[in-house]
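So the structure is just underneath, and the comments pick up after that.
Note that these values count all heavy atoms, side chains included, but never hydrogens, waters or copies made by symmetry. In the text below, chain A, chain B and the rest are named by the order of the sequence lines, each starting its count at 1.
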Amino acid sequence: MKGLVAPALGALGFVALWWLATVVQLADPVLLPSPAETFRETWAAFAEGPLWTDLQRTVVRTVQAFVIATLIGVPLGVALGAKERVYRAVEFVVDFFRSTPASALFPLFLILFGVGEGTKIAVAAFGAALVILFNSAYGVMNARRTRVLAARVMGASEGRILWDVLVWEALPQILVGMRAGISLALVIVVVAEMFIGSTDGLGQRVIRAQSLFESGLMYGVIFLAGALGYLLNLLFLLAEKRFVHWAGR
Amino acid sequence: MSPLDGSGAPGVIAPRDAAITIRGLAKAFGGQPVYSGFDLDVRRGDILAIFGPNGCGKSTLINMAAGLLSVDGGTILYDGREVREVRIGYVFQNYREALFPWIRAADNIRYPLRRMGLPKREIEARLERLSADFRVRFDLARYPYELSGGQQQLVSVMRALAVEPEVLFLDEPFSALDFETTLDLRALLQAVLKRLGVTTLLVSHDLEESIALADRLLMLTRRPTTVADDLPVTLPWPRTSTTLSDPGFVALKRRCLTVFEAAVAGRPVDGAQA
């Protein structure tokens with residue numbers, strides 16, 4: 001409980017500064033509405049329904065992209081990590097596309113998947129899968145050699161070593177990759193909602209609020225997207241603590 | 001090759017008494033030979049301590065014997081069999097990195113037994129027997145990282161002995177433990193090993209420990225490694241703290257130190273890589 005006091009004070013301070021800035025009219029009220037107005041407009045959008053649907057759409061797309069990315073990234077990463085020489089061969093390609101802004105790939109994915117749900121999910125899954133794959137492979141490659149030898153000396157086959165030792169050794173890094181992956185998936189989904197023929201989703205809602213000068217709502221949706229990203233990150237941090245109880249000990 | 005007293009050839013052991021037979025062993029790292037034409041026989045049930053200067057290839061020898069490291073040439077046979085056909089146990093120096101921290105201590109001990117496909121009842125029976133043998137007074141349902149260093153290494157030893165190994169390899173098993181824990185663990189280990197008659201290869205950089213635990217002490221030279229001396233240790237079992245002040249023990253230790261110093265001084269240049 002005590003640990004929550006400082007962050008809560010920080011958040012209150014931020015809102016207080018924001019409020020102060022609107023009181024002294026630091027900026028045009030259309031560009032910077034007050035916290036109260038932002039809250040009111042966002043709440044209204046929730047109450048009328050569409051914002052709630054937008055939030056759900058974004059969450060569903062992000063989770064879908066993340067699940068696909070995990071199903072591809074973890075097994076492939078673990079397999080590549082176990083065969084280090086193969087990983088070294090594909091490492092450049094993985095690193096290259098990992099460094100490519102996903103938004104630059106939108107046109108390509110539009111050709112491949114058309115204008116629809118599939119494109120947004122596919123491009124987010126692609127970006128997230130590379131991050132997850134990269135982390136899983138490194139987790140396996142950095143597995144402690146002594147543990148592998150210990151398993152071998154106890155008569156474990158190479159397959160058993162992969163399953164009984166390497167996957168566990170890599171698990172902390174796999175979860176780190178999944179955490180980075182879901183954050184990236186959210187980023188890509190929100191951008192995709194803005195630019196690839198969307199009618200719903202938080203990204204679409206932000207850009208529509210902006211073009212309609214509903215600045216209170218725009219700020220509200222930005223905060224909502226921020227809260228969503230923060231929550232997903234927090235969820236994974238808790239999962240890491242729970243499932244990797246031995247990490248760092 | 002040996003610059004020393006020429007006692008390089010280990011004592012001949014009748015084939016049926018030999019648990020381990022090493023012939024013409026060759027191994028090089030980066031073109032630098034560590035072993036070339038190395039021969040060794042180990043008698044069944046003996047605890048053989050291997051002692052030598054840093055980097056002389058003590059661990060290399062037992063890692064090759066345990067099948068964890070490939071040989072460049074020669075053979076290492078166990079009663080005519082390859083190592084993968086033999087039940088072995090191995091205790092690593094670094095227990096922190098050798099135990100599996102994601103499963104409980106008891107499951108670490110059960111692990112090799114499950115790999116052997118033993119029935120559950122037999123696995124539990126062995127676990128209980130080991131706990132009694134080593135007078136375990138801590139909770140084996142804990143995770144390894146919740147245990148002290150000595151307890152963790154004890155779990156490693158139990159895991160290695162659970163398979164009822166024909167040969168046990170100990171790679172500096174006590175070097176990361178404090179003195180008191182080392183004495184305790186040493187006493188427990190010698191009692192069990194002598195009772196079960198497990199052929200054991202012990203690598204240690206502690207001369208006192210090597211003598212106290214061994215039936216036979218092999219002193220190695222710097223690279224390329226040869227046998228500087230091969231001594232039987234005939235002190236009576238069990239060896240306790242009073243053994244350490246026994247005149248026989250003291251005389252043996254003095255002789256070993258002389259041999260060791262000669263082995264270190266013998267090749268100061270080409271063996272400098274530690």
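Using a 4.5 Å heavy-atom cutoff, the side chains of B:Tyr90 and A:Leu149 are not in contact. Side-chain atoms of A:Asp164 and B:Arg115, non-hydrogen and from C-beta on, do get closer than 4.5 Å to each other. Proximity of B:Tyr95 to A:Thr146: side-chain heavy atoms (C-beta onward) are nowhere separated by under 4.5 Å.
By the 30° and 60° cut-offs, the orientation of the rings of B:Tyr143 relative to A:His245 is tilted.
Proximity to chain B is absent for every atom of A:Val148, based on heavy atoms less than 4.5 angstrom apart. Within the 4.5 angstrom heavy-atom criterion, only backbone atoms of B:Leu99 (N, CA, C, O) approach chain A. Using a 4.5 Å cut-off between heavy atoms, B:Arg159 touches chain A through its side chain atoms alone. Looking at A:Arg147, the atoms closer than 4.5 Å to chain B (heavy atoms on both sides) sit in the backbone and in the side chain alike.
Closest approach of A:Ala150 to B:Ala98, counting heavy atoms only: CB-O, 3.7 Å. Contact record, A:Val153 with B:Ala66: CG2-O, 4.2 Å, taken as the closest heavy-atom pair.
In terms of the ring pair (Phe, Tyr, Trp, His ring centres under 6.0 Å) criterion, residue partners of B:Tyr111 (sequence neighbours excluded) are, by chain and number, B:Phe100.
No more than 12 heavy atoms of other residues, nucleotides or ligands shown are found within 6.0 angstrom of CD on B:Glu128. Within a 6.0 Å radius of CD in B:Glu85, other residues, nucleotides and ligands contribute more than 12 heavy atoms. Applying the 6.0 Å contact sphere to CZ of B:Arg135 captures no more than 12 heavy atoms from other residues, nucleotides or ligands. Counting non-hydrogen atoms of neighbouring residues, nucleotides and ligands closer than 6.0 angstrom, the OH atom of A:Tyr230 reaches no more than 12 such neighbours. Residue-environment remark: CZ (B:Arg96) stays at or below the threshold of 12 foreign heavy atoms within 6.0 Å.
No option in A:Val244, A:Val165, A:Leu171 other than A:Val165 meets the side chain to side chain contact (heavy atoms under 4.5 Å, CB included) test with B:Trp102.
Atom CZ of B:Arg114 and atom CE of A:Met154 lie 12.0 Å apart (nearest 0.5 Å).
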